[in-house]
Every structure is written in structure tokens, then in C-alpha cells.
Participant: 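Quick one: the structure is below, and I'll ask about it shortly.
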Amino acid sequence: MKKVKKAIIPAAGLGTRFLPATKAMPKEMLPIVDKPTIEYIVEEAIASGIEDIIIVTGKGKRAIEDHFDRNFELEETLASKGKLDLLNKINQSSNVEIHYIRQKEPKGLGHAVWCARNFIGDEPFAVLLGDDIVRAEKPCTKQLIEQYEVTGSSVIGVQTVANNETHRYGIIDPFSSSERLYEVSNFVEKPKQGTAPSNLAIMGRYVLTPDIFEFLDLQETGAGGEIQLTDAIQKLNERQNVYAYDFEGKRYDVGEKLGFVKTMIELALENDEIKDDLSAYLVETVESLKVKS
Ligand code: G1P
């Protein structure tokens with residue numbers, strides 16, 4: 001069995017939910033406290049044993065490439081001022097070889113993944129979406145890779161969502177399970193409210209066999225008029241088992257405003273520099289809200 005060594009990070013989306021902030025800045029560069037969201041994703045891939053990452057970018061995404069490049073001028077300035085802690089921070093992900101490819105038209109997630117097919121070749125690979133940050137004892141992608149190593153099949157990361165949220169996600173129709181691993185009869189992209197076959201939602205983490213590209217080659221547009229990865233996964237599932245794995249860990253939805261702000265607060269409360277002042281401020285704010293209501 002070939003090992004999972006490569007990962008695709010699609011980052012070509014327009015980020016319309018965060019306009020006007022994303023008019024001239026990629027949404028993947030929006031910081032959670034002091035780190036761009038995409039850096040959390042790259043860190044998870046590295047911690048999962050991934051050796052090669054390809055980021056699928058689009059128009060206006062140059063800042064992502066600059067971020068993962070070295071900045072000698074900045075490094076020299078920080079070194080000369082003895083700011084070694086900051087120097088350490090900016091170098092952390094620069095040691096990794098990251099590749100880039102452009103998605104030339106915004107045709108959807110399935111198409112973005114398809115754009116990386118030549119880089120992937122004939123190997124199993126991971127896909128990590130930037131709208132979901134997962135914090136777990138064992139990195140989420142690593143959990144999926146371990147399941148791939150047991151089953152020899154594609155494995156999709158899922159978690160339970162509330163009934164009124166299923167229409168925002170790809171949803172699985174499971175037919176059997178052992179512990180956290182499910183066999184799936186159907187993968188449905190963004191089912192209409194009230195029609196979801198379960199509450200188990202695809203959470204932006206995938207390990208796929210390269211056979212998926214055969215289906216992405218032919219995949220027609222689906223939900224939202226886009227080429228959907230979920231639809232190609234369902235076609236693959238009709239030929240070879242695709243499993244879903246209810247991964248352990250907390251998932252943060254940084255793809256929408258409220259989720260983004262909540263994530264920012266939670267992670268800021270762990271930041272030694274600001275946590276004490278921030279918690280005092282939050283307590284004060286909650287008290288003043290109580291007085292008003
Ligand atoms: C994408 C996938 C969807 C998945 C979601 C997770 O949708 O198509 O299946 O559940 O990511 O964040 P998007 O949010 O890009 O519309």
C-alpha cells in the first residue's frame with residue numbers, strides 16, 4: 001500500500017463572506033490572533049506526516065505564496081534587534097517545500113482538487129480545506145491516514161452537526177459502523193433543509209485514492225452550479241468503498257463570521273501575552289450586557 005505523503009490545500013475561493021476584508025487580501029490570510037488561518041492548516045498537514053503540499057490558488061492570492069516564502073530583510077532586522085522569538089515564529093513553516101498551482105476559473109472545490117492531479121500522480125493523498133481548523137490530540141489528517149492504512153480505501157472526515165445546519169455541508173448516509181468508522185451508501189452535497197439522510201457532515205478533511213481523478217475528469221456541475229468534490233466521491237463510492245470517519249477533536253468554522261470571531265476569542269484566551277487582559281475585558285463586557293438586558 002502506498003503511503004499518504006502529499007496533500008492538497010484548496011485556497012482559490014473568493015471569500016465573499018468576509019468582504020470587504022477579502023477584496024484585496026486572500027481569506028486564507030485572515031489572522032486568528034497573530035497567525036493566518038492557512039498556517040494552522042499547513043501545520044496540521046506537517047504534523048500528520050505529509051511531506052509535500054500543493055496549494056491551489058487563484059487570482060489575488062499572491063500573499064499566500066509570500067507568506068510561506070522566506071523574507072530575508074525581515075529576518076535580518078529581527079536578528080539584529082535580538083528578537084529571536086519573532087524570528088522563530090516567521091520561520092516555522094518556511095522550511096517546508098510548498099508548491100502552488102492556479103485554478104484559472106472558479107468552478108468549485110471538485111475542480112480545484114482536479115487542478116492538482118499531475119502533482120498527485122498515482123498516489124493516495126489528503127485534502128485539507130481552510131474553512132475548518134481542527135484542534136485534536138492526534139491531528140485530524142493523521143487520524144484519517146491511519147484509517148486509510150487499515151482499510152486501504154478513501155476516508156472522509158465527518159462530525160455531527162445540528163439539524164438546522166445540515167444544508168451547509170456535504171452529508172453522509174451511513175449504513176454500518178464500527179466504532180467511529182462508517183460505511184456509506186450515499187454522499188450528498190448540501191441537501192435541502194429537512195432532507196438530510198443523517199447529521200454526519202463532511203468537515204473539510206479527506207484522504208482519497210487517486211481513482212477520484214477519473215470521476216473528477218467527468219464530473220458535471222452540482223449544488224450551487226459548481227463541480228462538487230462530494231459528487232465525485234459518491235461516484236467513487238459506487239465503485240470502491242469510501243469510508244467516513246467521525247474524527248476526534250474540536251473543529252472551528254473559520255469560514256463564516258461568527259465562527260471566525262468565536263475561534264479568535266478561544267485561541268486568544270490561550271495566548272500568554274493577552275489572555276489575562278482579554279478575560280477581564282470579556283467578564284466586564286458580559287456584566288455590562290446583563291445590566292442592559
Ligand atoms: C465544502 C464541501 C462540503 C463540506 C464543507 C466543509 O463546502 O463541499 O461538502 O461539508 O466544505 O466545510 P463549502 O463550505 O466550501 O461550500
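When a ligand or atom number is given, it counts from 1 through the structure's own listing order.
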Participant: Do Ile54 and Ile101 touch side chain to side chain, with heavy atoms closer than 4.5 Å?
Facilitator: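 They are in side-chain contact.
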Participant: Backbone or side chain, does any N or O of Thr230 fall under 3.5 Å from an N or O of ligand 1?
Facilitator: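 Checking ligand 1 against Thr230, an N or O pair does fall under 3.5 Å apart.
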Participant: Can you tell me which portion of Leu229 lies within the under-4.0 Å heavy-atom range of ligand 1? Options are side chain, backbone, both, or neither.
Facilitator: neither
Participant: Looking at side-chain heavy atoms only, is the closest gap between Thr221 and Glu226 below 4.5 Å?
Facilitator: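 Answer no - side chains too far apart.
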Participant: With a cut-off of 4.0 Å, which atoms of ligand 1 are near a heavy atom of Leu129?
Facilitator: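 Once the distances to Leu129 are compared, the set is 1 (C), 11 (O).
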Participant: Mind checking whether Asp132 has an N or O less than 3.5 Å away from an N or O of ligand 1?
Facilitator: yes
Participant: Looking only at protein heavy atoms, identify the closest one to atom 4 (C) of ligand 1 and say how far it is in Å.
Facilitator: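 Heavy-atom neighbour on the protein nearest atom 4 (C) of ligand 1: Ile202 O, 3.4 Å.
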Participant: In the structure I gave you, are the side-chain heavy atoms of Lys104 and Lys59 within less than 4.5 Å of one another anywhere?
Facilitator: no
Participant: Can you report which non-hydrogen protein atom sits closest to atom 8 (O) of ligand 1, along with the distance?
Facilitator: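 Here the closest protein heavy atom is Glu189 OE2, 2.7 Å.
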Participant: Right, does atom 15 (O) of ligand 1 have protein non-hydrogen atoms nearer than 4.0 Å?
Facilitator: no
Participant: Looking at Trp114 and Phe213, what are the two nearest heavy atoms and their distance?
Facilitator: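 Scanning both residues completely, I find the closest heavy atoms to be CA-CE2, 4.0 Å.
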Participant: Under a 4.5 Å cut-off applied to non-hydrogen side-chain atoms, are Thr166 and Gln193 in contact?
Facilitator: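 They are not in contact (no side-chain heavy atoms under 4.5 Å apart), so the answer is no.
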Participant: State whether the shortest distance between N or O atoms of Gly170 and N or O atoms of ligand 1 falls below 3.5 angstrom.
Facilitator: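 Min N/O separation from ligand 1 is below 3.5 Å for Gly170.
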Participant: Return the closest protein heavy atom for atom 7 (O) of ligand 1 as residue, atom name and distance.
Facilitator: Lys190 NZ, 3.3 Å
Participant: State yes or no: are the ring centers of Tyr245 and Tyr206 separated by less than 6.0 Å?
Facilitator: no
Participant: How does Asp253 reach ligand 1, by side chain, by backbone, by both or by neither, if only non-hydrogen atoms under 4.0 Å count?
Facilitator: neither
Participant: What pairs with Tyr169 under ring-ring contact (aromatic ring centres under 6.0 Å, His included), at least two apart in sequence or on another chain?
Facilitator: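 With neighbours one apart ignored, the set is empty.
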Participant: With sequence neighbours excluded, what pairs up with His167 under the ring-ring contact (aromatic ring centres under 6.0 Å, His included) test?
Facilitator: none
Participant: Which of the atoms in ligand 1, numbered in the order shown and given with their element, are less than 4.0 Å from a heavy-atom of Gln228?
Facilitator: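 That gives atoms 8 (O) of ligand 1.
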